[in-house]
Amino acid sequence: MFLSRLAESVEPYTAGEQIGEGYVKLNTNENPYPPSPRAAKTLRESDASRLRLYPQPNADGLRRAIAQAEGVDEENVFCANGSDEALALCFPAFFDEDGKGACFADVTYSFYPVFASFFRIPTVVVPVKEDYSIDLAAMAKADCGGYFIANPNAPTSLGIGRAQIEAFVASVDKLVILDEAYMDFFGESCAALTKRYANLLVVKTFSKSYSLAGMRCGYAIGQSGLIEGLRRMRDCFNSYPVDAVCQAVCAAAVSDRSYHDETVRLVVSERERLKTALRSRGLWVADSASNFLFVRFSETGGKYIYESLKAKKILVRFWDKPKLSEFCRITVGTPSQNEALLEALDTILR
Ligand code: PMP
């Protein structure tokens, strides 16, 4: 059938369902609020005739805007088509097929093992602790070539404070790639620490706190040698991964700090309310540092809850995997979406 052995054998990532209308969509950790009005205006006013030109390969204006927001220099920012792309490029940029491998937790973002197998990079998988937190002490001892740490972690929602991450980065002489996709809901970003630590690369996204998942834009922050490595890999693949409209819209969004911060505040306050409401129903809910909740349904299992909620037009995420089969991951929605979820759960659990 013309396929390579790789295409035949690789196990691709399964993205959450994107079925639209008529569903309360709490399954892919999108932001329930719209993007910044400044970003919307930039999109409306974008000039189609300019699209005959290729975009700037390095997204210069956007990098400037990101650098300002993150308190770093422009040359320390790399933009990509979603943070997934930045994370993917890290594997060939910083790991060798015959090297010691990429180390990550057994319960973490499930794209890491997919990237590793695609790029044929060995992996060193470290179990999370009993309480589902990442075992940094065990990771520090692992015989590996570098680390991927999602902070806050997915799907567990748990965050690790800046001081603890800094101590880890300072104690290992290997590259630490920190995936901060959900960090704005926690407020312990290590982006500025990249100035001090040559072995730290921080990856962030416009998909969550900026409400721009549909734009597909993410970025990495690190010292110039790391950024150069990512650029070399990008230019073996696609020199223009961030389109012109996306560059302008994301630059507008990142410069609208007050809108961003207010949206984050709304999500965080709803997260706390929803967590309390679920706990009051006797459910175990992790102390989330993100925009979603990791909820244990020990009696029914996650799949039953997923299916029952879907029948009521509410989408959440579950996994048929060891350590995760009792859980659902529920994105924090608007107050009315969260009410609909609670009401449906009350019926199902009864
Ligand atoms: N990292 C983590 C931990 C995520 O959950 C996601 C979202 N699926 C991403 C990175 C990728 O986000 P995006 O490609 O939309 O920037």
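Whatever order the structure lists ligands and atoms in, that order sets their numbers, starting from 1.
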*Asks:* For Gly82, take its heavy atoms, then give the atoms of ligand 1 lying under 4.0 Å from any of them.
*Replies:*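 Here the atoms of ligand 1 in question are 14 (O), 16 (O).
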*Asks:* Is Asp179 reaching over with its side chain to a backbone N or O of Ala181, donor-acceptor style, under 3.5 angstrom?
*Replies:*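 Between the backbone of Ala181 and the side chain of Asp179 there is a qualifying donor-acceptor contact (under 3.5 Å).
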*Asks:* Using a strict cut-off of 4.0 Å, indicate which atoms of ligand 1 neighbour a heavy atom of Ala181.
*Replies:*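 Close to Ala181: 1 (N), 2 (C), 10 (C).
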*Asks:* Between Tyr182 and ligand 1, which part of the residue brings a heavy atom under 4.0 Å of the ligand: side chain, backbone, both or neither?
*Replies:*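 The side chain, only.
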*Asks:* Parallel, tilted or perpendicular: which one describes the rings of Phe91 and Phe148, with boundaries at 30° and 60°?
*Replies:*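 Parallel.
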*Asks:* Note the single closest protein heavy atom to atom 12 (O) of ligand 1, along with its residue, its atom name and the distance in Å.
*Replies:*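 For atom 12 (O) of ligand 1, the nearest protein heavy atom is Ser83 OG, 3.3 Å.
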*Asks:* Any idea which atoms of ligand 1 are less than 4.0 Å away from a heavy-atom of Arg216?
*Replies:*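 Those atoms are 13 (P), 14 (O), 15 (O).
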*Asks:* What residue and atom, counting heavy atoms only, is the protein's closest point to atom 7 (C) of ligand 1, and at what distance?
*Replies:*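 Result for atom 7 (C) of ligand 1: Lys208 NZ, 3.3 Å.
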*Asks:* Which residue supplies the protein heavy atom nearest to atom 8 (N) of ligand 1, what is that atom called, and how far is it?
*Replies:*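 Of every protein heavy atom, Tyr109 OH, 3.1 Å lies nearest to atom 8 (N) of ligand 1.
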*Asks:* Using the ring of each side chain (for Trp, its six-membered ring), is Phe115 parallel, tilted or perpendicular to Phe111, with breaks at 30° and 60°?
*Replies:*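 Aromatic pair Phe115/Phe111 classed parallel.
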*Asks:* Heavy atoms only: give me the nearest Ile134-Ala105 pair and the separation to one decimal.
*Replies:*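 Here Ile134 and Ala105 meet closest at CG1-CB, 4.2 Å.
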*Asks:* Looking only at protein heavy atoms, which one is nearest to atom 11 (C) of ligand 1, and what is the separation?
*Replies:*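 Among all protein heavy atoms, the one nearest atom 11 (C) of ligand 1 is Asp84 OD1, 3.1 Å.
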*Asks:* Under 30°, 30 to 60°, or over 60°: which ring-plane class applies to Tyr306 and Phe318, parallel, tilted or perpendicular?
*Replies:*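 It falls in the tilted class, 30° to 60°.
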*Asks:* Who's the nearest protein heavy-atom neighbour of atom 3 (C) of ligand 1, and how far?
*Replies:*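 So the nearest neighbour among protein heavy atoms is Asp179 OD2, 3.4 Å.
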*Asks:* Look at the aromatic rings of Phe294 and Trp284 and report parallel, tilted or perpendicular, splitting at 30° and 60°.
*Replies:*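 Taking Trp284 first and then Phe294, their aromatic rings stand perpendicular (interplane angle over 60°).
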*Asks:* Using distance alone, with no hydrogens and no angle criterion, decide if Tyr197 and Gln223 have a side-chain donor and acceptor under 3.5 Å apart.
*Replies:*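 Distance-only check fails for Tyr197 and Gln223.
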*Asks:* List the steps and the verdict of ring-ring contact (aromatic ring centres under 6.0 Å, His included) for Tyr182 and Phe292.
*Replies:* CA-CA 9 Å; Tyr182 301 103; Phe292 58 88; 4.9 Å; yes
*Asks:* What about Thr205: any of its N or O atoms under 3.5 Å from an N or O on ligand 1?
*Replies:*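 Thr205 vs ligand 1: N/O contact under 3.5 Å present.
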*Asks:* Using a 4.0 Å heavy-atom cut-off, which part of Glu85 comes near ligand 1: side chain, backbone, both, or neither?
*Replies:*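 Neither part.
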*Asks:* Could you tell me whether Ser207 approaches ligand 1 through its side chain, its backbone, both or neither, with non-hydrogen atoms closer than 4.0 Å?
*Replies:*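 Under 4.0 Å from ligand 1, Ser207 contributes side-chain atoms alone.
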